Amino acid sequence: QVDLVQSGGGLVQAGGSLRLSCAASGNIFKINAMGWYRQAPGKQRELVAAITSGGSTNYANSVKGRFTISRDNAKNTVHLQTNSLKPEDTAVYYCNADVITRDYIRMHYWGKGTLVTVSS
C-alpha cells in the first residue's frame, strides 16, 4: 500500500500564490514520474505539471511561466509552486505518482485532492 498525503491549497486572491505539497509513503521501491492534475467543476481532470525522477518537467500550456513543479527524491515528495493565480485555476488539485513497489509491481497512486479557490 502506498499513500500520497497532500498539503497546501486554500483560498487566494487573483495574482496570489500557493504552494502545494505531496508526500508519498509506504511500500515504495522507486517512484518514476510524479505530477499534479486538477479538476474544475464540470470539467475533466487535466494534467497540470509532471516531473520525472531525473528532474525533467512538463507543464500544461495554461500554467507555463506561472507554476513550478519540483521534487525531493530522498523524501518522496513533490511540490507545486503556483504564482500569478487566476480564477480559472480554481479546481481540486490531485497529486499522482508512478510507483514501483518493493514487490516490483508498478501502479499509479493518487492523493485525495486539495481545493484551490482563486477569487477575482
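These numbers were taken from a predicted model, which means no experiment stands behind them.
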| message | Taking Ile105 as the starting point, is it possible to reach Leu4 by hopping between hydrophobic residues whose side chains are less than 4.5 Å apart? | response | yes
Check: Trp36 and Cys95 side chains under 4.5 Å, non-hydrogen atoms: yes
Between the CG atom in Asn76 and the CD1 atom in Ile28, the distance rounded to the nearest 0.5 Å is 4.5 Å
query: Cut-off 3.5 Å, side chains only: do Ser53 and Asn32 have a donor facing an acceptor?
result: no
side-chain contact (heavy atoms from CB on, under 4.5 Å) with Tyr94: of Arg38, Lys112, Arg45, only one passes, and it is Arg45
Distance col, row Leu47:CG vs Tyr37:OH, nearest 0.5 angstrom, shows 4.5 Å
query = So, does Arg71 use its side chain to make a donor-acceptor pair with the main chain of Thr52 at under 3.5 Å?
reply = yes
Exercise for review: Look at the side-chain heavy atoms of Ile, Leu, Val, Met, Phe, Trp and Tyr, link any pair under 4.5 Å apart, and say whether Ile51 and Val63 land in one connected group.
Suggested key: yes
One should read off an interatomic distance between Ser120 OG and Gln13 CD, to the nearest 0.5 angstrom, of 9.5 Å
Got more than 12 heavy atoms from elsewhere within 6.0 Å of CZ, Arg19? yes
Applied to residues 59-90, the ring pair (Phe, Tyr, Trp, His ring centres under 6.0 Å) test, sequence neighbours excluded, yields none
Item to check | Tyr93 backbone acceptor or donor facing Thr114 side chain under 3.5 Å | outcome: no
Measuring only between side-chain heavy atoms, which start at C-beta, is Asp89 closer than 4.5 Å to Arg66?
yes
Here the gap from Thr82 atom OG1 to Leu80 atom CG, rounded to the nearest 0.5 Å, amounts to 6.0 Å
Interatomic distance, OG1@Thr77 vs CG@Asp72, rounded to 0.5 Å, equals 4.5 Å
ask   = Are Trp110 and Val78 in one and the same hydrophobic cluster, where Ile, Leu, Val, Met, Phe, Trp and Tyr link if side-chain heavy atoms are under 4.5 Å apart?
value = no
**Study point:** Donor-acceptor contact present, side-chain Asn27 to main-chain Arg102, <3.5 Å
**Key:** yes
Exercise for review: Go through the steps for His108 and Asn96 under the test side-chain contact (heavy atoms from CB on, under 4.5 Å), then give the verdict.
Suggested key: CA-CA 7 Å; His108 281 261; Asn96 176 273; 3.3 Å; yes
### Message
So Leu20 and Gln6, do their side chains get closer than 4.5 Å, heavy atoms only?
### Response
no
Partner of Ile31 under side-chain contact (heavy atoms from CB on, under 4.5 Å), picked from Ile100, Val99, Val2, Asp98, is Val99
Here the gap from Ile69 atom CD1 to Gln81 atom CD, rounded to the nearest 0.5 Å, amounts to 12.0 Å
